[in-house]
Participant: 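Dumping the structure here so I can ask a few things about it.
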Amino acid sequence: MTGRIFRSICLAAMGVFIVLLTVIMSVLYGYFSSSQAGSLRDETEIAARGTELSGKDYLETLEAKKYRVSWIAADGSVIFDSAKDSSSMENHLEREEIKEALETGIGECARFSDTIMERQLYCAMRLSDGSVLRLSVKQLTWWSIILVMLQPIAVSAVICAALSLLLAYRLSHVIVKPLNNIDADSPDTAVYPELAPVVSRLRGQKK
């Protein structure tokens, strides 16, 4: 019985830890995703101002290894792209973020990029001449956040496992001890109210 109680407490503790970890990771993912989108928006605004001042010369000297930079004309043709030869790229007029930027001044979306074969966040901003400057960045995934948080998660898991085992061991013995201490020859008292029927039956059998 002690073993069953021990396993039940351990499993319950593990379940609680997994649920809490999932909730925490969901909150962190939402926070980092929002922060990433905000940073992309800020960088796009800065790059748009530089492009309006210096045009293609600014983009060619721009050091933005983290971001992919694209400059799209009002008709959808690609003027400049930091990841691929712009002359070989298809028209971008139907891209969601480009259409939104042309209509409202700024457009944002997330989708899988066929050019670099990974999921990207996009932010596009309309310039004064009607063209659109777009920046994109690799979107954070659950796995990327888990890798960043791997050490804290591992330490927390070890601590929780150790505490769960200790707690399960102590509780299982505390719960079972009153049962083991029942005197079959003199069953007069019950430590737990739930044991009263058992004690009463033992007393009746004793008589």
Side-chain angles (χ1 to χ4, degrees), residues 17-154 156-157:
F17 174 76
I18 292 172
V19 170
L20 287 176
L21 181 62
T22 302
V23 171
I24 291 171
M25 292 304 297
S26 297
V27 172
L28 286 176
Y29 180 75
Y31 169 78
F32 283 122
S33 295
S34 177
S35 177
Q36 187 183 32
S39 297
L40 179 61
R41 197 179 304 114
D42 293 340
E43 294 292 339
T44 303
E45 186 175 354
I46 293 171
R49 291 177 181 175
T51 304
E52 287 194 322
L53 289 173
S54 304
K56 199 171 182 179
D57 292 337
Y58 168 79
L59 297 177
E60 289 176 343
T61 59
L62 183 65
E63 294 185 4
K65 297 179 180 179
K66 182 179 178 182
Y67 300 97
R68 178 187 175 189
V69 185
S70 304
W71 188 16
I72 297 98
D75 62 359
S77 59
V78 181
I79 304 170
F80 173 86
D81 191 272
S82 61
K84 194 176 180 180
D85 180 16
S86 59
S87 61
S88 64
M89 297 180 69
E90 62 183 10
N91 191 284
H92 280 38
L93 195 60
E94 295 303 315
R95 300 290 174 92
E96 180 183 345
E97 71 280 2
I98 303 300
K99 290 174 66 176
E100 188 178 349
L102 289 172
E103 292 174 2
T104 65
I106 186 170
E108 296 174 294
C109 76
R111 68 170 181 273
F112 188 81
S113 171
D114 295 329
T115 304
I116 54 178
M117 303 304 292
E118 59 186 21
R119 189 166 178 80
Q120 296 278 111
L121 281 177
Y122 293 92
C123 182
M125 191 165 291
R126 187 182 62 208
L127 306 185
S128 57
D129 62 356
S131 62
V132 175
L133 185 76
R134 183 186 70 181
L135 263 66
S136 64
V137 65
K138 183 179 179 181
Q139 187 179 21
L140 285 173
T141 62
W142 273 84
W143 290 113
S144 61
I145 295 178
I146 288 175
L147 287 175
V148 171
M149 300 292 295
L150 188 60
Q151 185 175 355
I153 290 174
S156 299

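All values below were derived from every heavy atom in this structure, side-chain atoms included, with hydrogens, water molecules and symmetry-related copies excluded. Quick caveat, the model's predicted, so the values are computed rather than measured.
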Participant: Using every non-hydrogen atom in the two residues, find where Q36 and V137 come nearest and quote the distance to one decimal.
Facilitator: NE2-CG1, 3.8 Å

Participant: Rounded to the nearest 0.5 Å, how far does CG of D129 lie from CD of E52?
Facilitator: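 That separation rounds to 7.0 Å.
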
Participant: Is any side-chain heavy atom of T44 less than 4.5 Å from a side-chain heavy atom of I106?
Facilitator: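 No; the side chains remain at least 4.5 Å from each other.
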
Participant: Are the charged groups of E45 and R41 less than 4.0 angstrom apart, N to O?
Facilitator: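 No salt bridge links E45 with R41.
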
Participant: Could you give me the CA-CA distance, side-chain angles and deciding distance for Y67 and S39, then say whether side chain to side chain contact (heavy atoms under 4.5 Å, CB included) is met?
Facilitator: CA-CA 11 Å; Y67 300 97; S39 297; 4.3 Å; yes

Participant: Could you tell me the separation between the CZ atom of R134 and the CD1 atom of I98, rounded to the nearest 0.5 Å?
Facilitator: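 Answer for the CZ-CD1 pair, R134 versus I98, is 5.0 Å.
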
Participant: Give me the atom names and distance for the closest heavy-atom approach of Q120 to S136.
Facilitator: NE2-OG, 3.2 Å

Participant: How about L121 and C123: do any of their side-chain heavy atoms sit closer than 4.5 Å?
Facilitator: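 Side-chain contact under 4.5 Å: no.
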
Participant: Output all residues satisfying side chain to side chain donor-acceptor pair (under 3.5 Å) with S82, sequence neighbours left out; order by chain, then residue number.
Facilitator: none

Participant: Answer whether the closest heavy-atom distance between the side chains of E90 and R95 falls below 4.5 Å.
Facilitator: yes

Participant: Indicate the atoms forming the closest heavy-atom contact of G130 with A74, along with that distance.
Facilitator: O-CB, 3.5 Å

Participant: For a quick test of reading the model, state the closest non-hydrogen atom pair linking D57 to T61 and the distance between them.
Facilitator: O-OG1, 3.1 Å

Participant: Rounded to the nearest 0.5 Å, how far apart are CZ of R49 and OH of Y58?
Facilitator: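 These two atoms lie 10.5 Å from each other.
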
Participant: Strictly distance-based, threshold 3.5 Å: is any side-chain N or O of T51 a donor or acceptor partner for the main-chain N or O of A47?
Facilitator: yes

Participant: If the threshold is 4.0 Å, N to carboxylate O, is there a salt bridge linking E96 and R111?
Facilitator: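 No, no charged N to carboxylate O under 4.0 Å.
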
Participant: Between atom NZ of K66 and atom CD of E43, what is the distance when rounded to the nearest 0.5 Å?
Facilitator: 7.5 Å

Participant: Taking all heavy atoms of S86 and all of V78, pick out the closest pair and write down the distance.
Facilitator: CB-O, 3.5 Å

Participant: Between CG of L133 and OG of S70, what distance do you get to the nearest 0.5 Å?
Facilitator: 8.0 Å

Participant: Measuring only between side-chain heavy atoms, which start at C-beta, is K138 closer than 4.5 Å to R119?
Facilitator: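 No - every pair of side-chain heavy atoms lies 4.5 Å or more apart.
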
Participant: Using residues 21-29 as the side-chain source, report each donor-acceptor pair under 3.5 Å to any protein atom, sequence neighbours left out, with the distance given to one decimal.
Facilitator:
unit_1: T22; atom_1: OG1; unit_2: I18; atom_2: O; d: 2.8
unit_1: S26; atom_1: OG; unit_2: T22; atom_2: O; d: 2.8
unit_1: Y29; atom_1: OH; unit_2: L140; atom_2: O; d: 3.4

Participant: Do you know the tightest heavy-atom contact between A83 and D81?
Facilitator: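 So the two residues come closest at N-OD1, 2.8 Å.
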
Participant: Is there side-chain contact between L93 and L102, with heavy atoms separated by less than 4.5 Å?
Facilitator: yes

Participant: Mind checking the SG-CD spacing from C109 to E97? Nearest 0.5 Å is all I need.
Facilitator: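 Rounded to the nearest 0.5 Å, the SG-CD separation comes out at 4.0 Å.
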
